[in-house]
Undergrad: 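I'd like to ask you about the structure that follows.
Since we're looking at a predicted model, the values are computed, not measured.
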Amino acid sequence: MQIHFTKSNLILSKIIRKATKEPVSHVVLEAYGRLLHFNFLGLQMDTPEEFHGEIVYSLDVPDHPERILDGIARKRHALYDFGAMFYLGLRCLLPWLPKKNLWQCTGMDMCTEWATDILDGEPDSMITPYQLYQKLVASEAWLSKKSSKATS
C-alpha cells in the first residue's frame with residue numbers, strides 16, 4: 001500500500017498550502033488499484049486516471065486490509081469534516097489555540113483523519129498532510145521497513 005501527499009491548482013489547495021506554509025494539501029491512500037481519500041464530497045475511490053491532484057511525495061506503508069475495508073464500510077456515506085478542517089487552519093494561524101480540535105465532528109472525516117485511522121487505528125484531526133508525511137518519514141517502523149527492503 002502507498003500513501004501519497006498531493007497538491008492541486010484548486011483554490012482550496014492553494015489556501016491550505018499558503019496557511020500551513022507546506023508543500024502539500026491532501027493525503028491519498030493507494031490500495032486495490034484505487035486512490036482512496038476524503039474530499040468535500042466524502043470518501044472517494046478514484047482510479048489513477050480519475051484523480052486530478054499532483055503527487056508530490058509517496059511512501060510505502062504497511063498494508064492494513066481489514067482497516068481499509070472497515071474504513072470504507074464505515075465512512076462510505078460520511079460527510080467531510082469542515083469544522084475540523086477550519087479549526088486546524090485556525091490553529092496553524094493562531095498557534096496558541098488549544099491543541100485539541102474543538103470543532104471535530106464524530107462520524108465525519110477530513111483526509112488526514114481518515115488516513116491516520118487506517119494507518120494507526122487512531123484518527124488525528126490535528127495533523128496536516130505534510131506533518132503526517134514528516135511523521136512517517138521519521139518513524140522507526142517506516143525506516144526499518146525501508147532498510148529491510150533495501151537488503152532483500
Side-chain angles (χ1 to χ4, degrees), residues 1-89 91-92 101 103-139 141-150 152:
M1 181 168 79
Q2 286 195 308
I3 185 167
H4 303 298
F5 300 88
T6 71
K7 68 178 184 177
S8 75
N9 286 325
L10 296 173
I11 189 69
L12 191 58
S13 176
K14 291 178 180 183
I15 291 170
I16 291 169
R17 287 182 280 130
K18 185 158 181 91
T20 60
K21 299 178 178 80
E22 296 174 348
V24 295
S25 59
H26 196 61
V27 176
V28 179
L29 295 174
E30 185 172 354
Y32 310 117
R34 296 286 180 166
L35 300 177
L36 310 169
H37 61 107
F38 251 83
N39 68 15
F40 289 157
L41 302 174
L43 180 62
Q44 301 299 303
M45 296 181 272
D46 298 333
T47 65
E49 298 77 33
E50 294 170 329
F51 186 72
H52 297 293
E54 174 190 340
I55 296 172
V56 178
Y57 306 110
S58 290
L59 299 172
D60 291 323
V61 291
D63 196 4
H64 297 291
E66 70 289 342
R67 285 192 204 151
I68 293 170
L69 295 174
D70 183 55
I72 291 170
R74 284 185 301 113
K75 301 296 181 163
R76 187 173 54 191
H77 301 293
L79 300 174
Y80 192 81
D81 195 347
F82 288 101
M85 184 195 71
F86 286 126
Y87 188 83
L88 178 59
R91 180 80 171 62
C92 289
N101 197 321
W103 298 347
Q104 178 180 4
C105 295
T106 304
M108 297 177 158
D109 278 328
M110 57 184 189
C111 64
T112 51
E113 282 179 286
W114 193 76
T116 54
D117 190 17
I118 300 300
L119 295 173
D120 300 330
E122 288 291 324
D124 186 348
S125 66
M126 289 303 294
I127 193 167
T128 66
Y130 190 64
Q131 289 168 344
L132 177 57
Y133 169 75
Q134 291 176 314
K135 177 182 173 182
L136 290 173
V137 168
S139 74
W142 187 78
L143 289 173
S144 65
K145 183 178 185 283
K146 291 301 281 183
S147 64
S148 69
K149 275 188 172 180
S152 299

Undergrad: Let's go through H4 and F51 carefully: what are the C-alpha distance in whole Å and the side-chain angles of both, what is the deciding distance for ring-ring contact (aromatic ring centres under 6.0 Å, His included) to 0.1 Å, and is it a yes or a no?
TA: CA-CA 12 Å; H4 303 298; F51 186 72; 8.1 Å; no

Undergrad: To the nearest 0.5 angstrom, please state how far the CD atom of Q44 sits from the CZ atom of R34.
TA: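 Spacing of CD (Q44) from CZ (R34) equals 11.5 Å.
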
Undergrad: Taking all heavy atoms of G121 and all of R67, pick out the closest pair and write down the distance.
TA: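 Result for this residue pair: N-NH1, 3.6 Å.
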
Undergrad: How are the rings of Y130 and Y57 set relative to one another: parallel (under 30°), tilted (30 to 60°) or perpendicular (over 60°)?
TA: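 If you compare the ring of Y130 with that of Y57, the planes turn out tilted.
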
Undergrad: Atom CG in L69, atom NE2 in H64: separation rounded to 0.5 Å?
TA: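 Answer for the CG-NE2 pair, L69 versus H64, is 13.0 Å.
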
Undergrad: So which heavy atom on L35 is nearest to which on T47, and how close?
TA: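 Shortest heavy-atom contact: CD1-O, 4.3 Å.
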
Undergrad: Are the side chains of L29 and I118 in contact, using a 4.5 Å heavy-atom criterion?
TA: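 Side chain of I118 against side chain of L29, heavy atoms only: contact under 4.5 Å found.
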
Undergrad: Test your reading of the model: is there a side-chain donor-acceptor pair from S13 to the backbone of S8, 3.5 Å cut-off?
TA: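 It does hold such a pair.
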
Undergrad: Out of curiosity, E30 CD to D60 CG, how far, rounded to the nearest 0.5 Å?
TA: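 With rounding to 0.5 Å, CD (E30) is 10.0 Å from CG (D60).
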
Undergrad: Measure across C92 and T20 and return the closest heavy-atom pair with its distance rounded to 0.1 Å.
TA: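 Heavy atoms only, the tightest pair is SG-CG2, 3.7 Å.
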
Undergrad: Do E122 and T116 come close enough that some side-chain heavy atom pair is under 4.5 Å?
TA: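 SC-SC contact between E122 and T116 ruled out.
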
Undergrad: CD1 of I11 to NZ of K18: how many Å apart, nearest 0.5 Å?
TA: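 If I round to the nearest 0.5 Å, the distance is 10.5 Å.
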
Undergrad: Is there side-chain contact between D63 and I68, with at least one heavy-atom pair below 4.5 Å?
TA: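 They are in side-chain contact.
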
Undergrad: Could you tell me the separation between the CD atom of E22 and the NZ atom of K7, rounded to the nearest 0.5 Å?
TA: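 E22 CD to K7 NZ: 13.5 Å, rounded to 0.5 Å.
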
Undergrad: Check whether any side-chain heavy atom of I72 lies under 4.5 Å from a side-chain heavy atom of M45, and answer yes or no.
TA: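 Contact flag for I72/M45 side chains = yes.
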
Undergrad: Could you tell me if the side chain of L59 sits less than 4.5 Å from the side chain of Y133, heavy atoms only?
TA: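 Yes, their side chains come closer than 4.5 Å.
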
Undergrad: Looking only at side chains, do S58 and Q2 share a donor and an acceptor under 3.5 Å apart?
TA: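 Not at all, the side chains of S58 and Q2 share no donor-acceptor pair under 3.5 Å.
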
Undergrad: Is the closest side-chain heavy-atom distance between L132 and I3 below 4.5 Å?
TA: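 Contact flag for L132/I3 side chains = yes.
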
Undergrad: Evaluate side-chain contact (heavy atoms from CB on, under 4.5 Å) for L88 paired with T128, printing each intermediate quantity in order.
TA: CA-CA 8 Å; L88 178 59; T128 66; 4.2 Å; yes

Undergrad: With the threshold set at 4.0 Å, does a side-chain nitrogen-carboxylate oxygen contact exist between D120 and K135?
TA: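 Yes.
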
Undergrad: How about M1 and L36: do any of their side-chain heavy atoms sit closer than 4.5 Å?
TA: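 Not touching, per the 4.5 Å side-chain cut-off.
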
Undergrad: Would F5 and L136 satisfy side-chain contact (heavy atoms from CB on, under 4.5 Å), going step by step from the backbone distance to the final call?
TA: CA-CA 12 Å; F5 300 88; L136 290 173; 4.0 Å; yes

Undergrad: What are the two closest non-hydrogen atoms of V27 and A115, and how far apart are they?
TA: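 In this case the closest contact between V27 and A115 is CG1-CB, 3.6 Å.
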
Undergrad: Quick check, are the ring centers of H26 and F38 under 6.0 angstrom apart?
TA: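 For H26 and F38, the ring centres are not under 6.0 Å apart.
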
Undergrad: Indicate yes or no: at least one non-hydrogen side-chain atom of N39 is less than 4.5 angstrom from one of C111.
TA: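 In short, these two side chains do not touch, never coming nearer than 4.5 Å.
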
Undergrad: When rounded to the nearest 0.5 angstrom, what distance separates CG in L119 from CG in D124?
TA: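 So the CG of L119 and the CG of D124 are separated by 11.0 Å.
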
